[in-house]
Amino acid sequence: MGETITFWVLAVVSVAAALGLVFSRKAVYSALMLGVVMLSLAVLYAVQDAPFLAAVQIIVYTGAVMMLFLFVLMLVGVDSADSLVETIRGQRFWAIVAGLGFGLLLALAVGNVAFSPAAGMGRAVSGRDGNVPALAEEIFTRHVFAFEVTSALLITAALGAMVLAHRERVRPKATQRDLARTRFAGPQPSPLPGPGTYALHNAIDMPALLPDGTVAVTSINRVLARHEMEEGYAPTDPEKAALIKQVLEKDAARDAAPVEGDKPIQVKDALQDEGELRDEGEPQAGTTSRKENAPQEEDGK
Amino acid sequence: MPWLSILMAVPVLGAVGVALLPKGSDKLAKQLALAVSLVVLALTVAMAVQFSPDGNRFQFEEKYAWIPSFGVHYGVAVDGIALVLIALSAVLVPIVILASWHDAEGATRLDLKSEVVPPKRSAKTYFALLLVLEAMMIGVFAATDIFLFYVFFEAMLIPMYFMIGSYGGVQRSYAAVKFLLYSLFGGLLMLVAVIALYVVAEKDTFMFPELIGAIQDPTTQKWLFAGFFIAFAIKAPLWPFHTWLPDAAAQAPAGAAVLLVGVLDKVGTYGMLRFCLELFPEASKFFTPLVIVLSVVGIVYGAIVAIGQTDMKRLIAYTSISHFGFIAMGVFAMTQNAQSGATLYMVNHGFSTGALFLLAGFLIYRRGSARIADYGGVQSVAPLLAGAFLIAGLSGLSLPGLSSFVSEFMVLIGTYERYAVPAIIGATGVILAAVYILWMYKRTMNGPTAEAVKGFTDLDGREKWVVAPLIAVIIALGFFPKPVLDVINPAVDQTLTNAQVTDKQPVSTVAEKKGAGQ
Amino acid sequence: MTTHYLVLSALLFAIGGVGVLLRRNAIVVFMCVELMLNACNLAFVTFARQHGNLDGQLIAFFVMVVAAAEVVIGLAIIVMIFRTRRSASVDNANLLKY
Amino acid sequence: MQSPAEIVSHAGGVTGVSWLMIALPLFGAAVLLLGGRRTNAWGHFFGVAMSLGAFAVAVVTFVELLGLQPEQRRRDIGLFEFIPGMVDLGMLIDPLSISFALLITGVGSLIHIYSVGYMSHDRDRRRFFAYLNLFVAAMLLLVLSDNYIGLFIGWEGVGLASYLLIGFWQHKPSAATAAQKAFIVNRVGDFGLLIGIFTIWTTFGSLAFADLTHEVAGQASEGTLTAIGLLLLLGACGKSAQLPLQSWLLDAMEGPTPVSALIHAATMVTAGVYLVVRSGAFFEAAPTAQLVVTIVGVATLLAGAIIGCAKDDIKKGLAGSTMSQIGYMMLGAGLGPAGYAFAIGHLITHGFFKANMFLGAGSVMHAMNDEVDMRRYGALFPVMKITAVTFIVGYLAIIGFPLLSGYYTKEGIIETAMHHNQILGWLAVLGAGLTGFYMSRMVFMTFFGKKRWADDAHPHESPAVMTWPLIILAIGSIGLGAFLVLGNRFMNFLSPAVGLPQPADMPEPHVFGVGTAALATLALVAAGAAFAWFRYGAAEVPAVAPRASFLTTFARRDLYGDALNEALLMRPGQWLTRIAVFFDNRGVDGLVNGLAAGIGGTSGRLRRVQTGFVRSYALSILFGAAAVVGALLYVGNI
């Protein structure tokens, strides 16, 4: 009797979560929804006397794989919500038709099959004291070859991921001497000054003041500035607000320029990028610009 | 002495030799090509002399296993019909090489506004292609293994495609591709039929002599016949499949057009005569009315459209469509006279249309455009050229005393013996022939001399050597066709016996008396 | 009870499918694929219990392994595309077309 | 009806080498054509020599033939096997063919001599003589061949020669068109002859005259024989310019005058009559065919006469009269054995006096620097005495002036026709009357009346080389008729070749050889001549043709023959050609190109399916999956 209750509860929860996964605007929410589905499934496994699978589901699948998703989400930009407006003509309508049709068909198929009552795992597990040893025996005797193949698969997957994500270093790693030389050849050899003794705030979103009291343009943190601009909290001081707006426009103009990414990366551009990053360098006074604090290998147009 | 293999090997070696010559030496290439083709001609004559008409049907036989697992042999042999056609190609090729001495250099040498477009490839390759084409022509007529025949049937298209595609006129690529696709389509149908024949016959061989009478069941015969026939009907353009010929012939250089119409298309009618009739007798009889109708339509339709043409080479192409209608009618009338007439027609047509094309080529070489309207009064400026053109034209409208009359007469009288009405409608083709030839001749040769024509030079030495042999053969075969007919007749008798057909006997007693007397 | 499980699995699978079709964000699409895989696992486990032998669970186990490998590669690709394309939308990568 | 003698194969003697008759002119033509510039100087003499050579051989063969017994006089000389199993070319020397040969070579040689003078100023004279020789060779092959194929080769060879000679001055567009028209109309006739030959071959299995005797012809069915007769008649009409294929003869006058004289008066146009007489076996066994021949003969006879009356161009007038005279011969040939002798007799005498008149007209044109319009002639008698006298002798012969050659042969035809069928007879008499009128008109306009010359014309007598042939021909046209007809000499001479008629068919001999029909003809001829004298002799002839009544315009337009051909054949032909070309380019070719374009179009549209969006591909995958499941379900539970 307990089983049906758990089933119905979990079924409803998992279907709701699945729908939430599909229709939520923010990617993180759908990630969490997926987590809920997986957990409910884990419980269902346990109910269907597959304890080992339930454990694996929770630990490996939900634990590791879901976290990988979240990690990538973080990389890609948590806030990148996409609008639900459909771009491909007729995609939404037909998708629903196909999905429902498919589901109905499966349900129909499953529906008109008369299942005898479940045989339960008793007999299979009887001689081998418990689910896990039985499963282990099964894997390491009959399916040992498949097991080895999957291990090979996992290794290649890891290797693949590394290869895909790796960016070949085209020029020798910039040594300290190079950095020093570029810094001194650049416009701002000395490090940007600290907030100074009379500074009221050393928060990252507060731009630094120059000795004559004006705002140091280079110290404005663009990411935060843009974030605030988008969320609508402009700084109270009108002059600072104007300055931030002007910097943002300059940035936007630069961004509006066709993102190099669209056209296939020419080797020359990549090199030029590398160089431009290092030479132009834009040393910041005390605050870290978006460009500098991103890890060396992550930056890339 | 493996005559046929030598005959095929020499031109191929010649072609390789010509192709390997250093870049600029076009002149040497031409001379070498001419020499090779003359050697081939000499060999053919030597072979023909040793051919004994009343010996067994296939002579100079060579047979080696080529693909043993499929029973495919390199089977080459020659009977009366094949020998005559090989002789035709062997004679035509040197004449064509001599005629297209300057054809392969395109229009650079002409100051007149010319429609002839400079070629894409060097003259050297043109002559190499010509020699390769000659080898394949001999191969296709000599093959007695149906698979080998099919291979040559398809391989012939390639050199011709390049000759039209690279050295032709303004729309050469369109014409070349259309020609290739049309023939390939036919070829594929034939391939299916060849394989089906091999499978159904269960004789585990492709050798033609062994496959005669191998297929008994009429419906399979009909299907296989259809497969073969459509390929041959496209090749020798019968009426509905003919539109590629005028384009290809009009765009091809004159020499290539001669070989295209003179020899390549004969493979179609030769195929009908040899393969369709002998392998599938019942099917042939079943389809005969259809073919006769198609050929009669071809005769009249080809002639009428020819009258309406403004381009000289297209007009000559349409006339040969009309002539092919005669040949096909002769082949399928299945009487002794009609079939030997059809075979002789294939030879005569090769010479008469060849002469017409070459002379048209000379005119185009002088004036640069193929349109009839651009000419006028050539006779008063170049009488020799006009005279040769007239003789070639007259042989085209089969004037008695010239070669085409003998064959056309035999085809018509042979067809009349069995089917009166098609023969009569076919005979109207004779009148239409007079109209289109003489009208073209009047518009180009007679009347006051047109401005552009004033600068024409008459036939020079080389051109005389091209025209003289052709006209000599046309007149000789016109008065004394006996030697050629003696070679053809036994082969045709064999075909008729294999096609299980007996000649219709005339009505009255004279025949018995004459027959008894003979 | 078995049909209930199977219907649930079919439903989840269908929702996953629709999700793949409708969402433009590559990662969400990827999650929907994971959802479809889990639906299959559920069906496998149900049948294992139905037939009373371990094969179903075994298959489910292997499916998980494969799914893991797939996720690794998938995400690496998404990251790479994002790095060059600055957007993870599936529709942007549409250069391979007529 | 005594049937023709058995053909006997022959060897030895000059008859054995009588193929020289054909070979010499052929050789002459070949030498002159291939010789090119080098033969210009002596080319024409060589041509004349070849023609005279042929004439010599013909005479000797004729003499040898006379030496044989009448039944032995059909000699066959086998030459070579033309088409194995079908026909062997050979030569048949019998009275009919040798009389033709004599006429052709005789008149031919005279015309060769005449042409030496006539063409003296033309730079292509060599080519002209080559074509003349070619014509003589082809004509001889036609008449001397011993089977229908040889006859056909000669037939079309003569057509070719006439094409070349009519279009000799080919730079003149009108000459080129006339030549082409002549050849094509002849080709229509040849088409009929060709089908006739096919029918003969399929019914009798042989084409040699030796096999196609009267007994053999009798066995075939009446229908086939009539068909053969009509087809041969179609061929004859084509060649002899009988209705309905007569339109080319008048245009053929574009050629030089000797050509008109030789081809379009004496020899080629008579080939049709020869064919009808030679195929007597078929015609005699098919009375309907013979009737049609006579009707065609009479119809053409009248048409020619009417055209002759209205023509101002002297050559066209003579051409009209030729057409009408051949109508007489066709009428004679259509009367069976009774008429053959008179038909061939008239053919020979006509050959003489018509050639004489044509050459006369030629010398008149020569003198009046090629003016052909009779209205610009007048009072030429004093200036060109010899031409005038010979022309008048020819004129008297053609209208049937008593005792001259025309009278005997034409009277013979008219009387046999009258005996055979009254209507035909009287129509023939009417024709004779018309002939009297238009020939007199021509003579009076040319030689008598006032001088209506163009101002720069100062006519003079033609040189001797032109006048001597005229004189010889004139002498021939005086005595030849009597020589042939009196005492049925020609009929007996021809009998081995064409057989003798039953006595019943022959008209009874009259007192002094003058029957009622003869009297009526003479009266009508006299009336015609008198009327011509009043209109053209005495009265003032206007230099420009006056506006004419309906009948005269009808005649001037050649009885609208050309207009009819144009409307019935030419216009629809061009229209049909344009449609065929359009159909070929748009229809058949359109189909092919359409197919190609269609395939291109569909593939273009199909390409659009690949939108590049991953999600649309995923959608199609899902649909596929759904379809598979559906199929499984469907298969599962049926």
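Chain naming here is simple, since letters A, B, ... match the order of the sequence lines and numbering starts at 1 in each. Just the heavy atoms: all of them, side chains too, but no hydrogens, waters or symmetry mates, feed the values below.
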Exercise. Step by step, would you call Thr150(A) with Phe62(C) a side-chain contact (heavy atoms from CB on, under 4.5 Å)?
Worked result: CA-CA 8 Å; Thr150(A) 42; Phe62(C) 279 123; 3.4 Å; yes
Can you find a pair of side-chain heavy atoms, one from [X] and one from [Y], that are under 4.5 Å apart?
X	Y	value
Leu54(C)	Asn131(A)	yes
Leu58(C)	His143(A)	yes
Val71(C)	Phe69(A)	yes
Leu44(A)	Leu8(C)	yes
Leu41(A)	Leu12(C)	yes

Rounded to the nearest 0.5 Å, what separates atom [atom1] in [X] from atom [atom2] in [Y]?
X	Y	atom1	atom2	result
Leu19(A)	Ile15(C)	CG	CD1	4.0 Å
Ser30(A)	Ile27(C)	OG	CD1	9.0 Å
Ile96(A)	Leu22(C)	CD1	CG	6.0 Å
Met38(A)	Met31(C)	CE	CE	9.5 Å
Phe61(C)	Leu53(A)	CZ	CG	8.5 Å
Thr62(A)	Asn38(C)	OG1	CG	7.5 Å

Engaged part of [X] at the chain C interface, taking heavy atoms whose separation is under 4.5 Å:
X	result
Ala31(A)	both
Val15(A)	both
Phe71(A)	neither
Thr4(A)	both
Ala17(A)	neither

Under 4.5 Å heavy-atom distance to chain A, tell me which part of [X] shows up: side chain, backbone, both or neither.
X	value
Asp55(C)	side chain
Val66(C)	both
Ile77(C)	both

For this session: Apply side-chain contact (heavy atoms from CB on, under 4.5 Å) to the pair Glu34(C) and Tyr61(A), showing each step before the final yes or no.
Result: CA-CA 10 Å; Glu34(C) 290 309 313; Tyr61(A) 219 162; 2.6 Å; yes
Exercise. Parallel under 30°, tilted from 30 to 60°, perpendicular over 60°: which one fits the rings of His4(C) and Trp8(A)?
Worked result: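 Perpendicular: the ring planes of His4(C) and Trp8(A) meet at over 60°.
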For this session: Return the orientation label for the Phe7(A) and Tyr5(C) ring planes: parallel under 30°, perpendicular over 60°, tilted otherwise.
Result: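 The arrangement is perpendicular - the two ring planes meet at more than 60°.
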At their closest point, which heavy atom of [X] faces which heavy atom of [Y], and how far apart are they?
X	Y	value
Ala50(A)	Val45(C)	CB-CG1, 4.1 Å
Ala107(A)	Ala10(C)	N-CB, 4.4 Å
Val22(A)	Cys32(C)	CG2-SG, 4.3 Å
Ala14(C)	Gly99(A)	CB-O, 3.8 Å
Ala161(A)	Ala76(C)	CA-CB, 3.9 Å
Leu35(C)	Val37(A)	CD1-CG1, 3.5 Å

For this session: Test Trp94(A) against Leu21(C) for side-chain contact (heavy atoms from CB on, under 4.5 Å), laying out the working first.
Result: CA-CA 9 Å; Trp94(A) 285 113; Leu21(C) 296 179; over 6 Å; no
Exercise. For Val110(A), which of Thr2(C), Val7(C), Thr46(C) qualifies under side chain to side chain contact (heavy atoms under 4.5 Å, CB included)?
Worked result: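 Only one of Thr2(C), Val7(C), Thr46(C) forms a side chain to side chain contact (heavy atoms under 4.5 Å, CB included) with Val110(A), namely Val7(C).
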Exercise. Do any N or O atoms from the side chain of Arg49(C) and from the backbone of Asp49(A) form a donor-acceptor pair under 3.5 angstrom?
Worked result: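 Not a single qualifying donor-acceptor pair exists.
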For this session: Report the C-alpha separation of Tyr45(A) and Gln57(C) in whole Å, then their side-chain angles, then the decisive distance to 0.1 Å, and conclude whether the side-chain contact (heavy atoms from CB on, under 4.5 Å) test is met.
Result: CA-CA 9 Å; Tyr45(A) 294 156; Gln57(C) 294 186 11; over 6 Å; no
